[in-house]
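What you see below is based on every heavy atom in this structure, not just the backbone, and it leaves out hydrogens, waters and symmetry mates. Throughout, numbering of the chain's residues begins at 1 and tracks the sequence. Ligands are counted one by one from 1 in listed order, and the atoms in each one are counted from 1 as well. Computed from a prediction, not measured in an experiment: that's the story for all the values here.
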Amino acid sequence: MIFKTLSPAPPDAIMGLTEAFKKDPNPQKINLGVGVYQDDTGVTPIMECVKEAERRILVSEKTKSYLSIGGAPEYRAHMQKLMFGVDHPVLRDDRARTAHTPGGTGALRIGALFLKQVCPEATVWMSTPTWANHPGIFTATGYKQAAYPYYCAETQGLDYEAMRDALKKVPAGDVVLMHVCCHNPSGIDLSDEQWREIAGIAADRGWIPFLDFAYQGLGDDLERDRVGLLRMAEAVPELFVAHSCSKNFGLYRERTGSLTVMASTTSAAEPAFSHVEKTVRVTYSNPPAHGGLIVTTILDDAALRGQWEQEVVGIRDRIKGVRTALVRKLAEQGVARDFSFIERQRGMFSFSGLTDEQVAFLREKKSIYIVKGGRINVAGITSANIDYLCESIAEVLKPEP
Ligand code: LMR
């Protein structure tokens, strides 16, 4: 017997919080854990453009037969244009190949499995801190891991010099995982200039960038958020991109992501992608169709596409508004600490600076759920819960009498 000997696996650092939140009977409870957008009424809405696309699909869809291993060609072409921009030289030269994957997590996992086959001795380098699921994905693949500095707690900003110096020492052939925009969990991104310099280091050293691009459109806008990818694509011959439509199309449970391999030539892209397809085939065979069909329906139609872009602006603006309100309300509560850095962070998350003890207190005594390390999902804050949240944070920060 094997099951009887097993002790339970620890709860997931992010998804586990939602499970605990659901069971909490406190009517004032707030879930600021998982990165899922909510509107000001606390609902994760289906975008209007998504609803309209689904209506059209219901009428026009003709089959539920399998997709090809890499997914529908239309979706894959749209993803390349969304990520690189229409008419990018990499696309013109046909150097990229994209597979529709079940979410960004599926893309990371397929990329990791592929890498384990082609360069099994390489180490993957991750920022300190990084998304809580990154180490697990690469551990599950048997990858060696190392860390490079990223966030500076003192300045609540990027530890740029330390990061740059560490990346200068990464050996050729190793893999460096980077967040293209809206760094998860810190909300701190590189500037265009900094991306340029890091891309130059990648090219000089010969390490391979693996870009996690899960929040396109939630930082500045769809174009400016891709600057990290563009700088890397200009500088290096090969890279990976794990992209997600979970947040910018609100398609979380439809598992709509993609893995792109960019090769130095079109003839190198072809065999590389055949290995990606082999990996997909033995992992989940071929992707789920519905999310990709929704995205394709929206991006194929000028009016729906325009509506989608407006809805992304709405999400981004609400999150920015919440950041401002949070800083103001904390000050109104008499919190002495300067929280203005929250307004400088980008995307869904704010690295609040709360300690693990304070996070535990807020969960146990106030039913406020925050990821260990102090990451707050700003999009979970609403007009109805912001006062209770700020009072509770003020209480936890109160100096000892
Ligand atoms: C998050 O970081 O909360 C999201 O990316 C959701 C997840 O899968 O963890």
Practice problem: Using a strict cut-off of less than 4.0 Å between a Lys/Arg side-chain nitrogen and an Asp/Glu carboxylate oxygen, indicate whether Glu395 and Lys366 qualify as a salt bridge. | Solution: yes
Quiz item: Hey, which atoms in ligand 1 end up nearer than 4.0 Å to a heavy atom of Arg375?
Solution: 1 (C), 2 (O), 3 (O)
Practice problem: Hey, could you give me the CZ/CZ distance between Arg97 and Arg76, rounded to the nearest 0.5 Å? | Solution: 9.0 Å
Exercise. Report the part of Val371 in contact with ligand 1, treating N, CA, C, O as backbone and CB onward as side chain, heavy atoms under 4.0 Å; options are side chain, backbone, both, neither.
Key: neither
Quiz item: Relative to the heavy atoms of Val34, which atoms of ligand 1 are at a distance of less than 4.0 Å?
Solution: 3 (O), 6 (C)
Quiz item: Any heavy atom of Met348 sitting closer than 4.0 Å to ligand 1?
Solution: no
Quiz item: Would you say the side chains of Thr260 and Gln80 form a donor-acceptor pair under 3.5 Å?
Solution: no
Quiz prompt | Carboxylate-amine/guanidinium contact Glu309 Arg305, below 4.0 Å | solution = yes
Quiz item: Does the cation-pi check pass for Lys29 over Tyr369, that is, NZ or CZ under 6.0 Å from the six-membered ring centre and within 45° of its axis?
Solution: no
Quiz item: Can Glu54 and His290 be counted as having a side-chain donor-acceptor contact under 3.5 angstrom?
Solution: yes
Practice problem: May I ask you to say whether Arg346 pairs ionically with Asp225, meaning some side-chain N is under 4.0 Å from a carboxylate O? | Solution: yes
Exercise. Answer with yes or no whether the side chains of His179 and Asp189 bring together a donor and an acceptor at under 3.5 Å.
Key: no
Quiz item: Taking N or O atoms only and a 3.5 Å limit, does Thr105 qualify as a polar contact for ligand 1?
Solution: no
Quiz item: Any idea which protein heavy atom is nearest atom 5 (O) of ligand 1, and the distance to it?
Solution: Lys247 NZ, 3.1 Å
Quiz prompt | For atom 9 (O) of ligand 1, closest protein heavy-atom neighbour | solution = Trp131 NE1, 3.1 Å
Exercise. Heavy-atom contacts with Met15 under 4.0 Å: which atoms of ligand 1 show up? List them by number with element.
Key: 7 (C), 8 (O)
Quiz item: So which bit of Tyr215 gets within less than 4.0 Å of ligand 1, heavy atoms only: side chain, backbone, both or neither?
Solution: side chain
Quiz item: What do you reckon, does Asn133 put a non-hydrogen atom under 4.0 Å from ligand 1?
Solution: no
Self-check item: Which residue and heavy atom of the protein sit nearest atom 3 (O) of ligand 1, plus the separation
Solution: Gly35 N, 2.6 Å
